[in-house]
Amino acid sequence: MDVVTLQNETAYNAATLTGTAYPTGSQNTALVWFTLGGSYDGTATFETSPDGGTSWFGIQAEALSAIGTYVSSLAPPTATPLYRIRVPAYTLLRVRMSGGTQGTLTVKALLTYGL
């Protein structure tokens, strides 16, 4: 299991705000966390694609500090807590940025089985 970077951009860099699409493989859980720089003020949206990136759909995440409370986006995200996403196997996962005017956002993820 490797930690991957799903997003590492400035709020106003519109060309790359969709983030990196990462294949989930056979894993069914992603742990996601954020590092903010310069007071990032945008929104981070969790998305998955079942068709290789042609179509994207929102997917819900839950903070490990608030199990059972689900969100599909965060405006703005914070450096804590850690989020868990139950991902469909063999799809793509990404975190899309939108609406920001300042700061940077780095999103890291660890794909695993059944946490």
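Of the possible donor and acceptor atoms, none in the side chain of Thr112 sits under 3.5 Å from a partner among the backbone N and O of Leu31. Judged by distance alone, the side chain of Thr78 and the main-chain N or O of Thr80 form a donor-acceptor pair under 3.5 Å.
Leu82 and Val3 fall within a single hydrophobic cluster, where Ile, Leu, Val, Met, Phe, Trp and Tyr are joined by side-chain heavy atoms under 4.5 Å apart, directly or via other members. A single hydrophobic cluster is not seen to contain both Ile67 and Tyr70; linkage of ILVMFWY side chains at heavy-atom distances under 4.5 Å, directly or through other members, places them apart. By the rule that hydrophobic residues join a cluster once side-chain heavy atoms approach within less than 4.5 Å of another member, Leu64 and Leu110 end up as members of one cluster. Linking ILVMFWY side-chain heavy atoms closer than 4.5 Å, directly or via other members, places Met97 and Leu92 in two distinct hydrophobic clusters.
Residues Thr10 and Tyr40 bring no donor and acceptor atom of their side chains to less than 3.5 Å of each other. Between the side chains of Ser39 and Asp41, not a single donor N or O lies within less than 3.5 Å of an accepting N or O. For the residue pair Thr48 and Thr91, a side-chain donor N or O sits within less than 3.5 Å of a side-chain acceptor on the partner.
The two residues Thr54 and Ser49 make their nearest non-hydrogen contact at N-OG, 3.9 Å. A pairwise comparison of heavy atoms in Val87 and Ala30 identifies CG1-CB, 4.2 Å as the closest pair. Shortest non-hydrogen contact noted between Thr18 and Gln7 is C-NE2, 3.8 Å. When all heavy atoms of Pro77 and Ala44 are compared, the closest pair comes out as CG-CB, 4.0 Å. Of all non-hydrogen atoms in Ile85 and Ala61, the two that sit nearest each other are CG1-CB, 3.4 Å. Ile59 and Glu47 get closest at one heavy-atom pair: CG2-N, 3.9 Å.
For the side chain to side chain contact (heavy atoms under 4.5 Å, CB included) with Thr106, the lone residue among Asn8, Leu6, Leu36 that qualifies is Asn8.
Ring planes of Tyr83 and Phe46: tilted class, angle from 30 to 60°.
Annotation: side chain of Trp33 is not in contact with side chain of Val107 (no heavy-atom distance under 4.5 Å). Residues Pro50 and Phe57 form a side-chain contact, since some pair of their non-hydrogen atoms from C-beta on lies under 4.5 Å apart. Between Glu62 and Thr69 the shortest side-chain heavy-atom distance does not fall below 4.5 Å.
Atom-to-atom distance recorded for Leu17:CG and Thr45:OG1 is 11.0 Å, nearest 0.5 angstrom. To the nearest 0.5 Å, the span separating CG on Leu105 from CD on Glu9 amounts to 9.5 Å.
For the pair Arg96 and Trp56, the NZ or CZ position fails the cation-pi test of under 6.0 Å to the six-membered ring centre and within 45 degrees of the ring normal.
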